[in-house]
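Accompanying notes for the structure given below.
Chain letters run A, B, ... following the sequence lines, proteins first, then strands; residues in each count from 1.
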Protein chains: 2
Amino acid sequence: MSEETSPPLVIAIDVSDPALADRLASLLAGVAGVRLAAPGETASIALVSRDQPAGERSEIELTPRERDVLALMAEGASNKAIARQLGISVHTAKFHVSSLLDKLDATGRTDAVAHAARRGVIHL
Amino acid sequence: MSEETSPPLVIAIDVSDPALADRLASLLAGVAGVRLAAPGETASIALVSRDQPAGERSEIELTPRERDVLALMAEGASNKAIARQLGISVHTAKFHVSSLLDKLDATGRTDAVAHAARRGVIHL
DNA sequence: TTGGAAACTGCCCGGGTGGGCAGGCGTCAA
DNA sequence: TTGACGCCTGCCCACCCGGGCAGTTTCCAA
């Protein structure tokens, strides 16, 4: 073979804005070692849009501790598990969870991680 | 290039595999019109990993009813709420939830929607 | 110094959750 | 016909969850 150091990266463009998608496509077209995925092809890497609709930059303000708790919640951790892994009491874990539900405008922990994921606060 | 027709695209690399992330970074470094986001900077576009762990292309098989229940779970609905909206008993709702926990290999409903989202079974 | 925010802990309690048990029905393929 | 499967229902029970109450400490800014 012609000694490929590594197989070309297959990249999918998953951007709703057509103009931006087009621009990305032409930019990547000239890059060696990269190939754009055919429609329907399973790519290993994707280019995705990351900004909120521009009016909704609702950077929900979470404290460091709340982020810790939120991350564990997204792993399905119970209050007891959160407490153990963070070295705090169950009561404190519940305290943080309660704040999270409040800030994320959620009715329960499942709703909370779903909201957080939707708003880009966490990445699943 | 007499003039910049548009500002450079700020791209974030959000890939867990360090080697792959590195490769992407060096590939993109030489592309005109593209700039890599600084750590913490809010990028408009992100490169994300898209493939399952390669052995686990597990198109998890859910029954139609299970998809209904899963969608409601992702909205934070309780078993009672699921039952009411689907016109079934709470027991049946619990039955479907239980099947979902099993199929999604989750420890609880929060874990279930997180897993489903990660595996692309649902979109948040 | 005073105040506020973050983080932490405790107790109580109604309701939700998850697991186990034991069934029912209709459909569809072997 | 017999089985498998999806879908449905019921009861029991230990445990978890979320909300309310009240309190502590530390740290930082006004």
Side-chain angles (χ1 to χ4, degrees), chain A residues 57-124, chain B residues 39-40 42 56-124:
Chain A
R57 180 142 270 88
S58 55
E59 267 306 327
I60 300 173
E61 305 249 359
L62 300 183
T63 69
R65 216 42 166 169
E66 284 167 351
R67 291 181 184 281
D68 294 340
V69 173
L70 180 56
L72 289 171
M73 272 200 284
E75 300 298 322
S78 66
N79 289 332
K80 186 186 295 183
I82 293 171
R84 190 170 48 241
Q85 294 188 48
L86 256 34
I88 59 181
S89 78
V90 178
H91 310 284
T92 305
K94 288 173 63 176
F95 169 80
H96 290 304
V97 170
S98 195
S99 296
L100 249 9
L101 297 190
D102 203 44
K103 290 187 178 180
L104 291 169
D105 196 34
T107 62
R109 65 212 287 120
T110 302
D111 204 29
V113 324
H115 277 204
R118 272 188 275 258
R119 302 196 197 178
V121 179
I122 57 173
H123 297 295
L124 292 182
Chain B
T42 305
E56 281 287 346
R57 181 144 270 86
S58 53
E59 267 304 329
I60 300 173
E61 305 249 359
L62 299 183
T63 68
R65 217 43 166 167
E66 284 168 350
R67 292 183 183 280
D68 294 341
V69 172
L70 180 56
L72 289 171
M73 273 200 283
E75 300 297 322
S78 67
N79 289 332
K80 186 185 294 183
I82 292 171
R84 192 169 46 240
Q85 294 188 47
L86 255 36
I88 59 180
S89 78
V90 178
H91 310 284
T92 305
K94 288 174 63 176
F95 168 79
H96 290 303
V97 170
S98 195
S99 296
L100 283 168
L101 297 190
D102 202 44
K103 290 187 178 179
L104 292 168
D105 196 35
T107 63
R109 58 175 58 228
T110 303
D111 205 29
V113 323
H115 277 202
R118 273 188 275 257
R119 303 197 197 178
V121 179
I122 55 172
H123 297 295
L124 292 181

Side-chain-base donor-acceptor pair under 3.5 Å for B/Lys94 and C/dG19
yes

B/Asn79 side-chain N/O to C/dT17 phosphate OP1/OP2 under 4.0 Å
yes

Take atom CG of B/Asp102 and atom P of D/dC7, then tell me their distance rounded to the nearest Å.
15 Å

Within the pair A/Thr63 and C/dA7, is there a side-chain N or O less than 4.0 Å away from OP1 or OP2?
yes

Given DNA chain C, 5'-ward residue of the pair B/Leu101 and B/Phe95, judged by closest heavy atom:
B/Leu101

Do A/Arg65 and A/Leu86 have side-chain heavy atoms sitting under 4.5 Å apart?
yes

Protein-nucleotide distance (B/Arg67, atom CZ; D/dC7, atom P), rounded to Å:
11 Å

Whole Å only: how far is the CD1 atom of B/Ile82 from the C1' atom of C/dG16?
12 Å

Report yes if some heavy atom in the side chain of A/Glu66 is under 4.5 Å from a heavy atom in the side chain of A/Ile60; otherwise report no.
no

How many whole angstroms separate atom CG of B/Leu100 from atom C1' of C/dT17?
14 Å

Whole-Å distance between D/dC16 P and A/Leu72 CG?
17 Å

From CG (B/Asp111) to CE (A/Met73), nearest 0.5 Å:
13.0 Å

Write down the distance between NZ (A/Lys80) and C1' (C/dT17), rounded to a whole number of angstrom.
14 Å

With the side chain counted from C-beta on, respond yes when B/Asp68 and B/Gln85 share a heavy-atom pair under 4.5 Å apart, and no when they do not.
no

Considering every strand and a 4.0 Å limit on heavy-atom distances, what is the contact class for A/Thr92: base, sugar-phosphate, or nothing?
base

Across the strands shown, which category fits A/Val97 at heavy-atom distances under 4.0 angstrom: base, sugar-phosphate, nothing?
sugar-phosphate

Distance, rounded to the nearest Å, where A/Glu66 contributes CD and C/dA5 contributes C1':
11 Å

Please determine, for the side chain of A/His91, which listed nucleotide (D/dC17, D/dG6, C/dT9) has the closest atom?
C/dT9

Would you say the side chain of B/Val121 lies within less than 4.5 Å of the side chain of B/Lys103, judging by non-hydrogen atoms?
no

Candidates D/dG18, D/dC8, C/dC8 - which lies nearest the side chain of B/His96:
D/dC8

Below the 4.0 Å mark, does C/dT9 have OP1 or OP2 next to a side-chain nitrogen or oxygen of A/Ser89?
yes

Between D/dC7 atom P and B/Leu62 atom CG, what is the distance in whole Å?
10 Å

